[in-house]
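Input: a single structure, listed below in structure tokens.
Predicted model only: the values in this text are computed from it and were never measured.
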Amino acid sequence: MWFYNLLFNPGVAHSVLLIAAVIAGGLVLSRIKIGGISLGVTWILFVGIVASHFGLVLDPVTSHFVKEFGLILFIYSIGLQVGPGFFSSFRKGGITLNMLAGSLIVLGALIAYIIHIVTGEDLYAMIGVLYGAVTNTPGLGAAQQTYSDMHNGAANPIFAQGYAVAYPLGVVGIILSIVLIRAIFHINFDHEQKKGEESNSNDEEIKAVTLEITNEAVSGHTMQEIQQMAGRDIVATRLQHKGSTATELVKGETRLHIGDRIFVVVKVSDLEALTLILGRQLAEVDQRQWDDEAHGELVSERIAVTNGKMEGKRIGDLKPRQNFHVNITRIKRAGVELIASPSLMLQQGDRVTVVGSKDNVKRISEVMGNSVQRLDHPQLFSIFLGIALGVLLGSVPIFFPGMPVPVKLGLAGGPLIVSILLSCYGPKLHIITYTTSSAKLLMREVGISLFMAAVGLGAGMGFVDTVINGGYWWVIYGFIITFLPCMIIGILARMVFKKNYFTIAGMISGATTDPPALAYSNSICGNDQASVAYSTVYPLSMFLRVLVAQLLVLIAL
């Protein structure tokens with residue numbers, strides 16, 4: 001009796017047990033591969049549907065909370081992951097990706113309307129099918145709200161019925177399109193990843209090189225004078241004068257002469273200009289000449305920034321040469337190496353490359369913290385502050401002339417935008433946003449698992465009856481609405497715009513606002529290219545999804 005009550009009577013223990021069991025069951029099934037392909041966390045959705053079909057359901061309030069909170073955790077972790085490089089990636093290809101995503105959204109709505117015209121299906125039902133097919137709950141909510149406003153508060157259950165029936169195969173259709181695009185173009189993951197890394201690093205990749213001074217115009221001038229003449233910062237660390245094997249630290253007052261050898265860190269795109277200013281690059285230089293063992297005077301160490309007081313401080317403000325007699329050459333942040341220009345702000349978790357004597361490097365190390373254990377401590381304040389601000393932003397109504405109800409970014413769009421902005425600009429506000437990769441991964445996986453479990457447990461009741469009583473056509477229509485636009489736009493992105501496969505997978509996941517598809521894309525990528533593309537198109541896609549839903553309801557009146 002107690003076990004029956006635990007399974008079927010609502011309560012805290014019932015809800016926790018049900019959610020945990022569904023997630024565990026789905027994760028066990030996620031190990032199954034068909035043709036080398038697994039549906040991953042999508043199995044959690046199917047386990048939830050089966051459980052709810054047999055009466056194992058959550059109460060509506062708990063179900064809604066778990067679904068939305070899980071989605072917020074998932075989306076927020078994605079923003080933290082891609083935030084540091086988001087704007088540079090957006091500048092490189094954001095307009096094209098958003099154009100493709102917008103085309104996918106319009107094409108899906110057009111196909112839904114054509115099905116309505118050809119088959120005579122109720123347009124309200126087709127709107128529900130459309131938003132179940134693309135797994136977009138905010139769009140469904142916008143359609144329901146618009147209908148209610150136009151009918152004096154009345155509700156129409158056909159929206160939710162179409163949504164629930166189309167949702168499961170909608171998830172499969174999106175993932176299937178990603179799989180088929182890979183098969184059509186014979187994508188090799190290793191080759192694709194290498195190409196993606198090359199295209200992403202062409203302009204920003206940095207390189208450490210040795211130059212020999214050959215330009216008479218700079219001979220006899222100090223490094224500070226040369227920087228003023230060049231109109232740019234030159235990050236130089238060590239110097240060997242002509243005919244000498246002694247290595248010295250480069251300072252602002254260091255004078256360069258013909259034949260001197262200087263060790264510099266430079267962007268690959270700036271290397272040609274720097275060689276014109278200083279001299280020729282030595283093609284085959286034994287880099288051991290700069291090693292500690294060779295001279296014992298200077299060392300190069302990588303220091304972790306763990307002192308909270310360093311958050312938001314510019315490198316120039318530290319005055320590393322004057323105050324510590326060291327040079328800072330490079331900063332590794334979120335897997336990307338940056339040149340240590342004076343204007344660059346430090347962030348918690350940065351790995352800073354410092355060159356100087358052992359004692360001086362130790363001094364600056366103590367100031368920066370260099371306590372890796374501190375990085376393991378999660379920054380809960382910034383996470384929950386960001387979620388709170390994200391929910392506020394997602395709830396702000398945006399009014400458009402002629403629209404009966406305002407458009408909102410929703411509980412996913414708002415946190416995504418805030419997490420990206422905080423991870424980029426938090427240091428300027430002295431907000432520590434650093435989160436370890438393992439913590440972000442845990443947040444992401446827990447979030448998507450909770451979301452899928454809640455959706456599945458809410459979709460099973462009446463699912464079979466609806467399908468048997470003619471709803472199977474809705475399943476077919478939903479699959480068409482999902483699959484065709486994803487395939488058409490995905491092939492177009494590859495053939496015409498030459499987009500990387502991982503970027504296409506992320507773009508399709510973002511345009512359909514489908515977290516399970518992104519989770520699948522991340523599992524096959526092994527990099528963050530899919531997440532970057534997803535975040536690039538998600539805000540506009542969410543906005544367009546909500547707008548299109550309202551327009552379709554107005555057309556149906």
* Asked: Where does the angle between the aromatic ring planes of His116 and Tyr113 fall among parallel (under 30°), tilted (30 to 60°) and perpendicular (over 60°)?
  -> tilted
* From Met126 CE over to Ile117 CD1, what is the distance, rounded to the nearest 0.5 angstrom? -> 11.0 Å
* Would Ser343 and Arg314 count as having a side-chain donor-acceptor pair, cut-off 3.5 Å? -> no
* To do: Show your working on side chain to side chain contact (heavy atoms under 4.5 Å, CB included) between Val129 and Val165 and close with a plain yes or no.
  => CA-CA 7 Å; Val129 170; Val165 169; over 6 Å; no
* Nearest 0.5 Å, what's the CG-CD1 distance between Leu80 and Ile383? -> 6.5 Å
* Taking C-beta and beyond as the side chain, do Phe479 and Leu176 meet within less than 4.5 Å on heavy atoms? -> yes
* Given side chains that start at C-beta, do those of Ile19 and Leu58 come closer than 4.5 Å, heavy atoms only? -> yes
* **Point-to-point distance, once rounded to the nearest 0.5 Å, from CG of Leu180 to CD1 of Ile175** => 12.0 Å
* Heavy atoms, side chains only, cut-off 4.5 Å: are Leu100 and Val537 in contact? -> no
* Asked: Where do Ile178 and Tyr501 come nearest, in terms of heavy atoms and distance?
  -> O-OH, 2.7 Å
* Asked: So Glu192 and Lys499, salt bridge (Lys or Arg N to Asp or Glu O under 4.0 Å) or not? Walk me through it.
  -> CA-CA 10 Å; Glu192 203 71 8; Lys499 290 296 180 182; over 6 Å; no
* **Full working for side chain to side chain contact (heavy atoms under 4.5 Å, CB included) between Met495 and Phe185** => CA-CA 9 Å; Met495 293 186 66; Phe185 292 102; 3.5 Å; yes
* To do: Would you name the heavy atoms of Ser509 and Ser521 that are closest together and state the gap between them?
  => OG-OG, 3.5 Å
* To do: Answer yes or no: is there a side-chain heavy-atom contact under 4.5 Å between Val235 and Arg330?
  => no
* For residues Glu121 and Trp474, is any side-chain donor paired with an opposing acceptor at under 3.5 Å? -> yes
* Asked: How far apart are the closest heavy atoms of Leu393 and Gly414, and which atoms are they?
  -> CD2-O, 4.0 Å
* Ser541 to Thr513 - nearest heavy-atom pair and separation -> CB-CG2, 4.3 Å
* Any side-chain heavy-atom pair from Ile23 and Leu450 closer than 4.5 angstrom? -> yes
* Asked: Taking all atoms of both residues into account, what is the closest heavy-atom pair of Gly386 and Val418, and its distance?
  -> O-CG1, 3.4 Å
* To do: Drop me the distance from Leu484's CG to Ile111's CD1, to the nearest 0.5 angstrom.
  => 5.0 Å
* Give a yes or no answer on whether the side chain of Asn188 reaches the backbone of Asp190 with a donor-acceptor pair at less than 3.5 Å. => yes
* **Test item: side-chain donor near acceptor, Asn98 and Thr536, under 3.5 Å** => no
* **Closest non-hydrogen atom pair between Ser15 and Thr62, with its separation** => OG-CG2, 3.8 Å
* Kindly indicate whether the side chain of Arg545, heavy atoms from C-beta on, has any atom under 4.5 Å from the side chain of Ile105. => yes
* To do: To the nearest 0.5 angstrom, please state how far the CD1 atom of Ile491 sits from the OG atom of Ser177.
  => 9.5 Å
* Would you mind reporting whether Tyr124 and Leu552 have side-chain heavy atoms less than 4.5 Å apart? => no
* Might you work through the side chain to side chain contact (heavy atoms under 4.5 Å, CB included) test for Arg351 and Ile331, ending with a clear yes or no? => CA-CA 6 Å; Arg351 262 65 174 189; Ile331 291 180; over 6 Å; no
* Structure fact -> To the nearest 0.5 Å, atom CD1 of Ile174 lies from atom CG of Leu518 at 11.0 Å
* To do: Show your working on side chain to side chain contact (heavy atoms under 4.5 Å, CB included) between Trp473 and Thr119 and close with a plain yes or no.
  => CA-CA 10 Å; Trp473 282 110; Thr119 65; over 6 Å; no
* **Main-chain N/O of Leu27 paired with Ser30 side-chain donor or acceptor, under 3.5 Å** => yes
* Asked: Within a strict 4.5 Å, meaning less than it, do heavy atoms of the Trp43 and Arg31 side chains meet?
  -> no
* **Donor-acceptor pair, side chain of Tyr131 and main chain of Ala549, under 3.5 angstrom** => yes
* To do: Tell me, please, whether Phe189 has Arg182 positioned over its six-membered ring: NZ or CZ under 6.0 Å from the ring centre and within 45 degrees of its axis?
  => yes
